[in-house]
Structure formats: structure tokens, C-alpha cells
Amino acid sequence: QVQLVESGGGWVQPGGPLRLSCPASGLTFGSCAMGWFRRAPGNEREFVAGITWNSYSTYYADSVKGRFTVSRDNAKNTVYLQMNSLKPEDTAVYYCAARFGGILTTTNYNYWGQGTQVTVSS
């Protein structure tokens, strides 16, 4: 059974940092591209960041470029999302996802986590 379990969400003031983690089990993690998505209230799920299986390539949504960093540790079967300079508009449920093949900015991923809430407010 494949499991992706996000953690690290919570409340943070504008300008602050958070680091999300997503350990994976039940799949060949080192063969998967990993993505981070988010869904704000009333909005559809949107792509945030992605990383190839070997970390050679990363890709970011324009709205987070320069503030968020995606990384992975294949020895720990874990993908991370370091979020800096957070803004209220970053408030959303954040999901990690895995797919066989390259990064996609659409939701066409094979496996999804349950999500973790990130709230940015003063």
C-alpha cells in the first residue's frame, strides 16, 4: 500500500518560514518525480513545485519562485518543501504527490497524500 504523509504545516506570520516533509512508503521512491500542490478555499488544486527522481531538475509556479525550494532525500524516501517569506495568499492545504515519469504541472500524478494545512496570517 502506497502512503504519502505530509507534515510540517501550521500557522505562521507573514514573512515567516515553514518546512513541509513528505515521507513515502510502498513505492519505488527513487523512480518517481515528486510534486507539491496546494488548494486554497474556493480554488482548485494548483501546482506549486516539482522535482525529478534524481533531483537534477526542479520546477516552480511563478507565484512561489524565489521563495520556495523543493528537495528530496532518496535514502529517506522523503520530499521536502522549504517555504520562506510566506504570504497570506500562500494559505492552503498542501499536498505531495508522486508519479512515474517526469514532472507535470497538472494533477496527473499516481499517488497523493492527505494534505497538511498551512495558514499565514498575523
Side-chain angles (χ1 to χ4, degrees):
Q1 182 179 359
V2 175
Q3 284 193 312
L4 304 175
V5 183
E6 302 92 341
S7 64
W11 173 83
V12 63
Q13 291 187 333
L18 276 178
R19 188 192 195 205
L20 305 183
S21 299
C22 179
S25 60
L27 77 168
T28 308
F29 183 80
S31 298
C32 294
M34 300 298 296
W36 285 98
F37 290 75
R38 67 186 181 187
R39 181 164 60 194
N43 291 353
E44 294 187 350
R45 195 172 299 193
E46 64 174 1
F47 174 82
V48 175
I51 186 167
T52 54
W53 68 272
N54 55 8
S55 301
Y56 281 7
S57 296
T58 56
Y59 192 78
Y60 298 93
D62 287 343
S63 59
V64 307
K65 205 171 293 184
R67 300 187 298 122
F68 290 12
T69 302
V70 60
S71 62
R72 65 190 294 162
D73 184 340
N74 285 354
K76 296 182 178 179
N77 286 2
T78 301
V79 63
Y80 306 95
L81 186 67
Q82 178 66 46
M83 305 185 293
N84 297 328
S85 303
L86 281 161
K87 305 175 180 180
E89 51 263 44
D90 294 317
T91 296
V93 178
Y94 283 72
Y95 301 87
C96 69
R99 72 181 305 275
F100 303 110
I103 300 168
L104 285 182
T105 60
T106 66
T107 57
N108 189 15
Y109 280 65
N110 300 95
Y111 305 105
W112 292 84
Q114 295 297 308
T116 185
Q117 176 71 46
V118 171
T119 302
V120 185
S121 72
S122 54

Output the distance between atom CG (N77) and atom CZ (R72), rounded to the nearest 0.5 Å.
9.0 Å

Indicate the atoms forming the closest heavy-atom contact of N74 with G30, along with that distance.
ND2-CA, 4.0 Å

State, yes or no, whether a side-chain contact exists between V120 and E89 at a heavy-atom distance under 4.5 Å.
no

Scan residues 25-89 for pairs that pass disulfide bond (SG atoms under 2.5 Å apart), counting only residues two or more places apart or in two chains.
none

Atom pairs and distances, donor-acceptor, side-chain atoms in residues 17-29, under 3.5 Å, two or more places apart:
none

If every non-hydrogen atom of Q114 is compared with every non-hydrogen atom of E6, which pair is closest and at what distance?
N-OE1, 3.1 Å

Looking only at heavy atoms, the pair that brings Y109 and F37 closest together is CE1-CZ, 3.5 Å

Keeping R45 on the side-chain end and V93 on the backbone end, is there a donor-acceptor pair under 3.5 Å?
no

Enter the distance from R39:CZ to E44:CD here, rounded to the nearest 0.5 Å.
9.5 Å

Sequence neighbours excluded and cut-off under 3.5 Å, please list the side-chain donor-acceptor pairs for residues 81-88, or say none.
residue: Q82; atom: NE2; partner: N84; partner atom: OD1; Å: 2.9

Could you give the distance from CG (N108) to OG1 (T105), rounded to the nearest 0.5 Å?
10.5 Å

Residue pairs passing the ring pair (Phe, Tyr, Trp, His ring centres under 6.0 Å) test where at least one lies in residues 70-96, sequence neighbours excluded
none

Using a cut-off of 6.0 Å, state whether more than 12 heavy atoms not belonging to Y60 lie near its atom OH.
yes

Heavy-atom side-chain proximity of F47 to Y59 below 4.5 angstrom
yes

Measure the spacing between OG1 of T107 and CZ of R99 and express it to the nearest 0.5 Å.
10.5 Å

To the nearest 0.5 angstrom, please state how far the CG atom of D90 sits from the CZ atom of R38.
5.0 Å

F68-I51 co-clustered via ILVMFWY side chain contacts under 4.5 Å
yes

Check side-chain hydrogen bond (donor to acceptor under 3.5 Å, both in side chains) between D73 and all other residues, then give those that pass, not counting sequence neighbours.
none

So which atom in V79 and which in S71 form the shortest heavy-atom distance, rounded to 0.1 Å?
CG2-O, 3.2 Å

Applied to residues 38-88, the disulfide bond (SG atoms under 2.5 Å apart) test, sequence neighbours excluded, yields none

Does a side-chain heavy-atom distance below 4.5 Å link F100 with W53?
no

